[in-house]
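Convention: sequence-line order gives letters A, B, ...; per-chain numbering from 1.
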Amino acid sequence: MNDKTFPHVERELAQFSAAILTEFQNAAPVVRNRLSSEDFIDWAEEGLTIAKLSFRTWEAASEYFKASTRVVERLSAVDLHSWAKQGEMLARESSVMASAYFRASSETLYYLPPQKLEDWVRIGKNLSRDTWRSNSLCSKFFESSPKLLRYLSFDDVEQFTAFLKNLAEISYDLCTDYLDMAKEVFPGIEKQDRKPFLDLAMLLSELNLEDTKAFFGQGPRLLSRIDQDERKRFLSIVSMLATSNGAQPFVFLFDGSQAMGELDRTIHSRILDMHQELFIISQTASVDFVKSAPYVVGRIGLSGLNHWFEEGRSTIERREESGEAFFRLESAIGDAIIERLSSRVELEQIREILRMYSRALTGRNTQMRSTEKLTEKGIGWTSVEMPSTEGTAIYLPPCIDRYDTKEQNFAWYKVVATHQAGHLEFDSFEFCFDTEASLFSNQRRQLDSEMNSSITDMERFFDLFADRRLATDIFAAVEDSRVDFLLKQEYAGIRRSYEQVQREALKQRPALQTMPLREALVEFIIQMSLGDVTSISFPAAFKRELRSVFQISNRVKSPQATVEDSAEATIRLYSILIQVTNVMYDGEWRLIELSDLALSDDALRIIFEGIPQAGIPEEDDVVYQSPPQVDYRGEFKPEIIQLLTKLKQDNSKNDAAPASPLSQEELKALVEKSVEIDLAAMLAGDIASSMGLFLSNIMDEIYQSPPCIAEDGTIIVDVEDDDDDGRSLDEELDFLYDEWDFRACDYKPRWCCVREKVPSQGSTDFFEDTLKNNARLAAQIKRQFELVSPELFKKIKKLRDGDDLDLDAVIEAMVEKKIGIPPCENIYWRRNKIERDVSVIFLLDISASTSEAIEESKNIMYDEWDFKDIKEYMAWLRAQTLERHKNQARKIIDVEKESLVLLMGALETIGDEYGIYGFSGHGRENVEFYVIKGINETFSDKVKKRIDGLTPLHATRMGPAIRHATSKLAAQSSRTKILFLISDGRPQDQGYGRDNKEKDYAINDTKMALIEAKRKGIVPFCLTVDKMGQDYLKKMCHDIGYEVVWDIESLPKRLPVLYRKLTT
Amino acid sequence: MSIQGTGKPYREHIIEEYVIQEEPYYLPLSDEVEVFEAAYAQKIPVIFKGPTGCGKTRFVEYMAYKLSKPLTVIKPADGPEHSDQEKKGIPLVTIACHEDLSANDLVGRYLLEDESTKWLDGPLTRAVKAGGICYLDEVVEARKDTTVLIHPLTDHRRVLPVEKKGQIIEAGDGFLLVISYNPGYQSALKDIKQSTRQRFIAIEFDYPPREAERDIIAHESSVSPDTAWQLAKLGEKVRNLKEHGLEEGVSTRLLIYAARLIHQGISPRRACQVAIVWALADDTEVQRSIEELVSTIFE
């Protein structure tokens, strides 16, 4: 080796920077070892060349030296040379690029064969465009290369780079982001999926950059949701969507993969098959199909899905729009199919049936409610799964899907409801401490202490026991057993399904061997109550106890047994059980035939009549725990129910002093004592604050609904919150209605939510003033209406039968007879009283447009939909309204209101039943429906005030408002029912149509709503003050009466005339 | 009405000739028999209050028989010829009132006959003349003008004015007006006015308790006491639904119909479905809930 070159190189390098010299000096020994001296000189010269290239290339050279120490290990001298040359080439373009190249080299070469080196540089350099930004991207590429090559083949990287290059034309930042993400993304994607994934990303980037980026970033997560074998197909579907349609591929990517993730992986292939089948027919539907699949499979299983799919496909072949709505799950037909195929039974659907059923059984008002409602109350119940009752209502799980058929699921519901009703029917909660039992001697009194200060009888009873939990469990088991027995005894028809449910419950019970002895005995009582257990495995040493338990708990299975018998049995069972040590028994368990447990009558009498030894609780090895609840019986809480009933009763008695008859302390003591309330399970947080919350919940429960005494003396508390009566004014009622989609020719099920409210009240001045200012018109209208009434008594002539002979008819008949033609037999008259029997609802459009001033609307002839969207329109309107407020101009709504005031006077005269409602709303979830005067409400000052309180609000979604009014009218018994719609323009609302410009959808839905009304025997009539109304009213009303009032000022005069015409 | 020994497939009765031969079955639940006998003796008109099918009509038939009087039934509109009264005793004239029933229908009217008119007595006039018990069933259904007739008949005057003929008819000795109404499902409009109702004493009827109803069902249909018991139980439970889906509880009459179908071999569930469930309600939810009740009680 030629040493002299060293100082030469070093000297030259030193001119650039001290740093580069150091790098060279560090690297030289390492490189020298690997290379021949010629090559070594080449190497050093190359570095120098690079450093000399331009102003800052010495930095690249510095990196060159630094990297060489590693690279030299991987490359032959030839390759090293070409490596250096490549670097030099890059350095000519940019020092930064070359630096990055050198820095990344050693690691990259770990994954890259040397012969590919050139290609690598080529694709990297491809990214550069001679600009600063592109150079930095290129550098970034080199830096990222090791990570990329670790997971991707070189070809893949090349493709990815091509992708980046395309992207670079749009944004360099984006490319940098991608490069950053790539390191994270590619490791998460299976090797064979990477290429399709990249292909897709490339394809998608032409459509939407943001979404593509999201797709790229979330790639691994998206793909991991899909079955491994189907990922490729999934991606190819997306690219198919991408090449054919702009908007859908991303929806499918994100929502579709989400949906697939919710499905079982084994059916992914089938789902994609179906998707492809649909794809040919409708892309939209195929995407929606995948999105809907998890719901459908959840409801009706895979076989159901096939059926549903076939139905949907034939629907789509008939009519594309219908089919699309079908797969979007926005079709009544689709709903019906799912409902038919589903075996699930929802409480909501059968609630009324079960309510009446249990009302019939118990003779009490029992609401059927979802268990969710009970736990929400926070008064001691915690389980959403378990049925229960709190004395006034029966709580059932919201839906049941235990069996394969609807019938079986319903049968389960019925058994559960019957059991809960049984508690009410057979007086489980009417326990009275002093009432004699019928099958046992009364021992409660003997055990009772003098000092007892309990609130309820149940509490007093449980106070007898040291181990309250044990006593409660025994009592529950015995009482359930008694109720089940009585139910099966009394109702032969339900016996079979009842026993079926019991057998299933029995199967789920734990084996006695797995429990400590005392718990095993409680479990034994429960299992015996569930059916005819014939033999049981039990320690032979405890046969005596088993015998007594068996006999006592069987005793309550008698038609005469009362709740007091259950209590007496509890006392006896408790005294036996408390003496059994609660330990796991590891002695011999023997199968004991229960028939062996029979006793002579004398022995039985001792058990039933005798005084049990006051048991001293044994020292337990295992803390006693309640056995699991029986699913169909759910939670049984007699103590708290008695408390609630008592508090409610007391509350209703002293109305004057609504303060609780109990002090908080007393109540607290009871709650702490009772094992029925598990505060820790119920409410999170420390016990002290939970207790406070619990007590206040209890108080709410008591005061929330004033109880009333039913005919039979039972306390009924009507806590029905979806009941029309007795609600406070500001409360809101929600109703769901379908909406007609004319394209799909089908209803969108439960699409719109109508919210019924009472408007804010103004003063009665408006009403009075209107009457005063229009005194002449008012009198005129009234006179016209008074004329209506007498016409109703008509003497009807020429009847076959009647009050008396009609002289004219008799003479005619005689004449006819004389001339020999058969005489007319209709010779009687009758005074027929046709009672006017009319119900009418006035449905008033109070959308924002009614705030338009009359003068202006006369001049400006614009279409509301000249505005791009509803928001813009609203903003414009608001501005207009403000303006007008200053001018005090009369608005459309003022005239509407005036007309109503005048008409109301007339309606009161002739005594028609009438309701006045206003509607507006924004979006399908918020159709506001204001009750100005309910149809069954009497006219009062309140109504007057509400009229004044009416103000223009939002948009006009007519369909649901009409449907709601229709349902109100349908409930009326009148012979003539009229729905009078007063509007100021076409129906329009957000989403009331495919886009905001679309008018046909809204008009068709309104039309359908009017037709529905007609089908229900209601006469709809539309009146509009919109001069443009002629065109759409004609379409909307079809063969339904309508009128356009040209001069809005004439409305007050016109409305009564129209009404009179309509009803006579 | 069985037809024995006549050639015709039906039997025609002139008002006074129709006499119930056998004692109607009636199970007294309280002292209603004594009260009615006393009222009859004292000529005090009686109102029967109670739901449909609980035995009001049966009771009046039973009382007519018990008072050892022949029982005669005619319907208001089909009075063909007026024939002479021969039989002694007090006929029972039952008139089912409906909303088109007017005073004329009760009193009578002129008919055309040949060249002249002929007066025809209405059923009320006949009962007044014959001195029988006139039973106006569901009286609130009739037109308001009928009360004009009822008033003079039910106080000390005991007369029937026949306006068109310009006559006043004094009631026969045995005449008694009995009206029935069901306070349950009448709307406020159709309530009986105080001035009318305060002319009557009232006997209240209700569905019999379970045991009595079992006996009634068993007697009327010949089913086993056990089946009758189940039906009585069903009746009691369904009546809990009154005003909770049902306007009216199930009548004893319907329970008997069901029992008769069962006796004829129809399965109990099916018999209850046709005789009770479908007869009582049209609303599917109500129907379903009663049906569930039936399937809970009957196997």
So do the side chains of [X] and [Y] get within less than 4.5 Å of each other, counting heavy atoms only?
{"X": "A:Arg359", "Y": "B:Ser289", "result": "no"}
{"X": "A:Ile494", "Y": "B:Glu292", "result": "no"}
{"X": "A:Leu361", "Y": "B:Asn240", "result": "no"}

Least distance between heavy atoms, B:Tyr110 atom then A:Tyr828 atom: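 Minimum heavy-atom separation between B:Tyr110 and A:Tyr828: O-OH, 2.9 Å.
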Shortest non-hydrogen contact from A:Glu490 toward B:Gln230: O-OE1, 4.3 Å
Straight-line distance of B:Ile290 CD1 to A:Met356 CE, nearest 0.5 Å: 8.0 Å
B:Thr296 side, atom OG1; A:Arg495 side, atom CZ - distance, nearest 0.5 Å: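 Here the interatomic distance stands at 12.0 Å.
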B:Lys237 with A:Glu425: basic N within carboxylate O range, under 4.0 Å: yes
Side chain / backbone / both / neither for B:Ser102 at chain A, heavy atoms under 4.5 Å: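 It is the side chain, since no backbone atom gets that close.
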B:Arg239 versus chain A, the contacting section by heavy-atom distance below 4.5 Å: neither
Flag if over 12 foreign heavy atoms under 6.0 Å of CZ, A:Arg496: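 Open.
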More than 12 heavy atoms from other groups under 6.0 Å of CD on B:Gln167: yes
Interface moiety of A:Ile827 toward chain B, non-hydrogen atoms closer than 4.5 Å: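 It is the side chain, since no backbone atom gets that close.
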Segment of A:Lys818 engaging chain B (4.5 angstrom heavy-atom cut-off):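 Just its side chain gets close to chain B.
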Cation-aromatic face contact B:Lys233/A:Tyr491, 6.0 Å, 45 degrees: yes
Lys/Arg cation over aromatic A:Tyr357: B:Arg288, 6.0 Å, 45° cone: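 Because its charged atom misses either the 6.0 Å distance or the 45° angle limit, B:Arg288 does not stack over A:Tyr357.
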Top contributor to chain A contacts, counting heavy-atom pairs under 4.5 Å, from B:Val286, B:Thr284, B:Thr117: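 The residue among B:Val286, B:Thr284, B:Thr117 with the greatest pair count is B:Val286.
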